[in-house]
Amino acid sequence: MRVSIKVAVAGASGYAGGELVRLLLGHPHVEIGALTASSNAGQSVGSVHPHLTPLFDAVLQDTTAESLAGHEVVFLALPHGHSAALAAELPPEVVVIDCGADFRLESEADWTGFYDTAYAGWWPYGLPELPLAQGDQRKHLKDAKRIAVPGCYPTAITLALAPALKAGAIAPDDLVVVAASGTSGAGKSLKPHLLGSEVMGAMSPYGVGGGHRHTPEIEQNLERAAGEPVTVSFTPTLAPMARGILATCTGRLAAGATAQEVRAAYEQEYADEPCVVLLPEGRWPRTSDVVGSNAVHLQVTVDERVGRVIAVAAEDNLTKGTAGAAVQCMNIALGLPELTGLSLVGIAP
């Protein structure tokens, strides 16, 4: 097994970049090299991430292809629309893992319908646990040199609904999701509506009416699980917490399907997936239980009165929802044990 892999993080001053550095500091086979930023270039890591004690005095470099040269793995934790140009300048033998949206969508029409930058293409999708109607998602990640990390909402929602769709136990044309996210999901830039005085004691919806950019990614994933088109009504909400996602997902129970068959589909799909924890019946996921962990907690039941499947998933949007998934994908691509440097244990209280 390789002893040391030299790794760089572009966009290390943001929340996702900081979480990546935190995880990489605990990875036994990683040597952290360049850490880059844009407006924070020239500042110390400790000035923007005081919790990253071992790198407190390290200096953030400018985000350029030159500063990222000489690394075996480069993580891109950049705003949407900024990864493609930089990735094009990196050598093909370097493993590049993008935490932004630039390479997640296979359909150019889906991209142009939700984003205002040019379509950059599609990379292997970094959700190893993605249930597919046919095939194994991990095969696309092994030895990959380019990987697109999923969005945080799509990770939770996909894992919550895909087993029922794959088993044919839920109707694909009537999927409804309401999901709450902590404020870190909006990034670290200053925004008035994310001030503490605006967020504390309040919940509010946004991207209402099908306008959230993660919608086509969610449908793309669920169509791969179902093997047919799906439609999803997705409403995100902002919750007064720093990190975490709680996704409540429902769909019409398919004709002839039973609650027992639904439960069995999830038990079978995730029996060997350590990062997806199907809770005992009657116990429901909480965002507080997955803080800092690379695990998704999941529960499913059937509302017999109205004939709907209800699946609820909780994750840390910065860990399994972003940085943890990126490290997990690096491990798979390089042939390391998949959970190296990752923990399934949350932080409490």
Side-chain angles (χ1 to χ4, degrees), residues 11-23 48-52 77-80 99-101 104 127 149-160 177-208 211-215 217-218 234-249 275-277 279 284-299 311-328 342-349:
S13 63
Y15 286 136
E19 183 74 349
L20 262 168
V21 176
R22 181 182 76 85
L23 296 175
V48 293
H49 293 307
H51 63 296
L52 299 178
L78 305 173
H80 301 332
C99 295
R104 292 174 186 161
L127 184 58
V149 176
C152 50
Y153 277 126
T155 295
I157 295 165
T158 299
L159 295 175
V177 177
V178 177
S181 174
T183 56
S184 61
K188 204 173 184 180
S189 60
L190 296 176
K191 299 169 185 172
H193 73 284
L194 298 179
L195 292 171
S197 56
E198 300 290 334
V199 173
M200 287 187 296
M203 284 192 68
S204 57
Y206 63 99
V208 181
H212 194 279
R213 289 176 169 181
H214 284 169
T215 301
E217 183 183 346
I218 294 165
F234 171 44
T235 303
T237 63
L238 183 66
M241 57 186 180
R243 53 203 291 169
I245 283 178
L246 187 73
T248 301
C249 314
C275 295
V276 185
V277 180
L279 298 176
W284 290 91
R286 306 186 304 175
T287 56
S288 59
D289 295 333
V290 292
V291 172
S293 87
N294 203 56
V296 175
H297 285 192
L298 181 63
Q299 184 59 275
V312 179
E315 71 177 15
D316 186 324
N317 59 294
L318 292 179
T319 314
K320 179 56 176 166
T322 308
V327 173
Q328 190 177 351
L342 297 170
S343 175
L344 303 180
V345 179
I347 301 169

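Bear in mind that the values here come from a model prediction, so they are computed numbers and not experimental data. The analysis underlying the following values was restricted to heavy atoms, covering all of them including side chains, and did not include hydrogens, waters or symmetry mates.
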Ser184: side-chain hydrogen bond (donor to acceptor under 3.5 Å, both in side chains) partners, not counting sequence neighbours: Asn317
side-chain hydrogen bond (donor to acceptor under 3.5 Å, both in side chains) against Thr158, all qualifying residues, sequence neighbours excluded: Asn221
Contacts of Val208 that satisfy side chain to side chain contact (heavy atoms under 4.5 Å, CB included) - sequence neighbours left out: Pro205, Thr235
Under-4.0 Å salt bridge between Arg104 and Glu217: yes
Exercise: identify the closest heavy-atom pair between Thr155 and Pro150: OG1-CB, 3.5 Å
Heavy-atom pair with the smallest gap, counting every atom of Ala16 and Ala323: O-CB, 4.0 Å
Closest non-hydrogen atom pair between Ala12 and Val21, with its separation: CB-CG2, 4.3 Å
Partners meeting side chain to side chain contact (heavy atoms under 4.5 Å, CB included) with Ile347 (sequence neighbours left out): none
Test ring-ring contact (aromatic ring centres under 6.0 Å, His included) applied to His49 - qualifying residues, sequence neighbours left out: His51
Closest heavy-atom pair and its distance - His212, Pro236: CD2-CG, 3.5 Å
Qualifying residues under side-chain hydrogen bond (donor to acceptor under 3.5 Å, both in side chains), relative to Ser13, sequence neighbours excluded: Asn40
Sequence neighbours excluded - salt bridge (Lys or Arg N to Asp or Glu O under 4.0 Å) pairs with any residue from residues 197-206: none
Nearest atoms (heavy-atom pairs only) where Leu342 meets Gly324: CD1-O, 3.7 Å
Non-hydrogen side-chain atoms of Val290 and Lys320 separated by less than 4.5 Å: no
Contacts of type side chain to side chain contact (heavy atoms under 4.5 Å, CB included), residue Ala311, not counting sequence neighbours: Ala160, Tyr266, Val300
With sequence neighbours excluded, residues passing side chain to side chain contact (heavy atoms under 4.5 Å, CB included) with Pro240: Val199, Met203
Residue pair Thr248 / Val177, side-chain heavy-atom distance below 4.5 Å: no
Heavy-atom check, side chain of Val327 versus side chain of Leu20, under 4.5 Å: yes
Ile245 vs Ser181, side chain to side chain contact (heavy atoms under 4.5 Å, CB included): CA-CA, chis, key distance, verdict: CA-CA 4 Å; Ile245 283 178; Ser181 174; 3.9 Å; yes
Ring geometry between His214 and Tyr153 (parallel below 30°, tilted from 30 to 60°, perpendicular above 60°): perpendicular
Nearest-0.5 Å distance, CG of residue Leu246 to CE of residue Met241: 7.0 Å
side-chain hydrogen bond (donor to acceptor under 3.5 Å, both in side chains) involving Arg243 - partner list, sequence neighbours excluded: Glu19, Asp316, Thr319
Whether His80 side chain and Ala101 backbone form a donor-acceptor pair below 3.5 Å: yes
Min side-chain heavy-atom separation Cys275-Val296 under 4.5 Å: no
Residues, nucleotides or ligands: over 12 heavy atoms within 6.0 Å of Arg213 CZ: yes
Closest heavy-atom pair and its distance - Thr183, Ala239: CG2-O, 4.1 Å
